[in-house]
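So that the names make sense, note that chain A is the first sequence line, chain B the second, and so on, each numbered from 1. Computed from heavy atoms alone, side chains included, the values below leave out hydrogens, waters and symmetry copies.
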Protein chains: 2
Amino acid sequence: MTLKQLRYFIEVVRHNLNISRAAQTLCTSQAAISKQIHLLEEELSVQLFIRHGKRILRVTRAGQDVLETAERMLRDTENIRAITADHTDHSRGNLAIAGTPTQIYYALPHVIQQFSASYPQVQISLSQGSPHQCADRVVTGEADLCIATEVIEEYPTLVMLPCHQWSRCIVTPRRHPLTRCKPLTLEDIARYPIITYEFTLALRSPTRVAFDRKNLKPTVVLTASDPRVIKTYVTLGLGIGLVSSTAVDARQDRNLAILDAGHLFEPGITAIGLVRDSYIRQYAYDFIRLFAPQLTREAITKVKTRL
Amino acid sequence: MTLKQLRYFIEVVRHNLNISRAAQTLCTSQAAISKQIHLLEEELSVQLFIRHGKRILRVTRAGQDVLETAERMLRDTENIRAITADHTDHSRGNLAIAGTPTQIYYALPHVIQQFSASYPQVQISLSQGSPHQCADRVVTGEADLCIATEVIEEYPTLVMLPCHQWSRCIVTPRRHPLTRCKPLTLEDIARYPIITYEFTLALRSPTRVAFDRKNLKPTVVLTASDPRVIKTYVTLGLGIGLVSSTAVDARQDRNLAILDAGHLFEPGITAIGLVRDSYIRQYAYDFIRLFAPQLTREAITKVKTRL
DNA sequence: CACCGTTACGGTATCCGTAAGGATT
DNA sequence: AATCCTTACGGATACCGTAACGGTG
């Protein structure tokens, strides 16, 4: 059993059981991968794949179980690299962050500015996506951490650290009838077409629950994951926006009216996601502390080692 | 980075930084190990060892951190082997149990008899030692599980599953004056020289606490980890024995008087120890259930994944 | 002097890439 | 017909064991 064999196995599974494609990303030949996997299967005397002739159809049960452990081993090789990199040079390295657009555009710029000042040698890479896409990137190792606008619990290897609460608000064109509703109620809101995030009105989401409780069925005319998109279409008069308060700013959004809706919906929670087994470099701890001061190194280790 | 390199590194550390001895257990040459470790250090661009000329003095801090992760990786290779073995043949394999003499001689025989009847193809190996030695064997991977007479919390990778409570008793030669003390008190016991386990009267142990509370300072004339040894010397009149009730049997120990002391000391707890990350084979789960029926597969996984 | 780690060297085994073969969609 | 996995083969590479070298206690 070699790391290479496990690596190949994992990459084939990740490429939908296509050895040829896996070979491309691994910079080797199909034959090499095929051979190594056969050797692995021989050594373990287990079929990892169910084959039909010369096609790989799916992963066996044994293969599934092996896969989980192999993935941890691969993560551990990355951990070892991170450990040694940390020991040779604290201040140099990469930090890949996956975040939702709200975080990337509104919460992070200030944090990253500060961080970059103290760690000019650390290359930061940002990628944006839905909360689940972000979580995915962390689990697969493409990102070191994710910052999402909700707590994701589907992944056993992912640890979510709650950071901040955030409330929701309604944005409308200026002089919109809603601006005269004081206090603002759910009934008022439900009267107008809504533009909001993809998952805001998903089943059992806090907002959906709030409307359901009053038997209101608001219409959603448009969804987007980027609050700037939402605000643009609100300006065009397509509907009213239901977004996070972090995504609005009275000065920047002068062409919009901002109506606080914190009293109408349960607050949301921003959380940082990490892979449980992953080694966190010193500067990553520092980054997290800039984002959420209560998350000290000790606090994080505690959450990571317990459940 | 290869598994071989990590394996070599770990084994050198385990052999007190002696490459030559490590080479023996690894069935290879000193030169091979030396080279691979240098290659590893080069790839990671980190010194794993502090050397003085051609002596290896100690492990660097970086080396320590790498070691921990490397050990998990090695454990994971064992896990993969166990996984695949489980899928090819549920009923064949090894089960290495480390236990204290009390468990090995008194609690386990019946369990192992039953187990062996349902899994005749599983080779059981028993090793005995002090609770800490047993825990050590599990942590280093020499044993799959340990059964100890106390809960050991020093090892972060070790998960202890409480199984049974046990009480203590006093064994004396027949017609000993103590047999006439009814009810038996701590003061009575403290009047005679005591023969007991090594750690029974350690600081803050339940027994020590009981004596301390009454300001009694019993004398211990002899300690042993094996209750049969203790009983032998009790028979010879050296003193009275303070042992676990599991270690006495009215029929087998006819030449001794057995006095229950459950009302005088806090009960002890028998626990099974497992390495958190380890894959547990089906028959091992079955073995554990034979020993402690409440420890189902689900119960164990729960404890293993949470803290 | 005994022990030990490092370096050098030659043989072997392994692994890769190319290319051909065979199976499936 | 196109795609894809497997097998075969030759060459390059990596690895190991032996042995000599250089430090250390």
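For Arg55(A) against dT3(D), a side-chain N or O and a base N or O form a donor-acceptor pair under 3.5 Å. Looking at Arg51(A), its side chain has no donor and acceptor atom pair within 3.5 Å of the base of dC4(D).
Counting only distance, with no hydrogens or angles, the side chain of Thr100(A) and the backbone of Ala148(A) share no donor-acceptor pair below 3.5 Å.
For the pair Ile19(B) and Ala32(A), nearest-nucleotide mapping onto DNA chain C gives the more 5' position to Ile19(B). Closest-nucleotide positions on DNA chain C for Lys54(B) and Tyr8(A) were compared, and the one nearer the 5' end corresponds to Lys54(B).
For dT14(C), the OP1/OP2 oxygens have no side-chain nitrogen or oxygen of Gln36(A) closer than 4.0 Å. In this structure, His38(B) reaches the dT6(C) phosphate: one of its side-chain N or O atoms is under 4.0 Å from OP1 or OP2. Contact check, Ser34(A) against dT6(D): a side-chain N or O comes under 4.0 Å of OP1 or OP2. Phosphate proximity of dC16(C) to Thr28(A): absent, as no side-chain N or O sits under 4.0 Å from OP1 or OP2.
For Lys35(B) and dG10(C), the NZ to C1' distance is 12 Å, given to the nearest whole Å. To the nearest angstrom, P of dC3(C) lies 17 Å from CG of Asn16(B). Between the CD atom of Gln24(A) and the P atom of dT3(D) there is a distance of 12 Å, given to the nearest Å. Per the geometry, CG belonging to Asn18(B) stands 15 Å off C1' belonging to dT6(C), to the nearest Å. Put simply, NE2 on His15(B) is 13 Å from P on dC4(C), counting in whole angstrom units. In this structure, Leu26(B) places its CG atom 11 Å from P of dC16(D), rounding to the nearest Å. Rounded to whole Å, the distance from CD1 on Ile37(A) to P on dC4(D) is 15 Å. Following rounding to the nearest Å, Gln30(B) (CD) and dA2(C) (P) show an atom-to-atom distance of 17 Å.
Remark: Arg72(B) engages Asp277(A) in a salt bridge, criterion side-chain N to carboxylate O under 4.0 Å.
Using cut-offs of 30° and 60° on the angle between ring planes, the pair Tyr155(A) and His132(A) is tilted.
At least one cation-pi condition fails for Arg58(B) and Phe49(B): the charged atom is not both under 6.0 angstrom from the six-membered ring centre and inside a 45 degree cone around its axis.
Residue Ser20(A) is in sugar-phosphate contact alone, with no base atom involved, counting any heavy-atom pair closer than 4.0 Å across all strands shown. Backbone-only contact: Leu17(B) has heavy atoms under 4.0 Å from sugar-phosphate atoms and none from a base.
Ranking dC4(D), dC15(D), dC4(C) by closeness to the Arg21(A) side chain, first place goes to dC4(D). The side chain of Ala31(A) approaches dT18(C) more closely than any other nucleotide in the set dC4(C), dT18(C), dC15(D).
No side-chain donor-acceptor contact under 3.5 Å links Tyr283(B) and Asp86(B).
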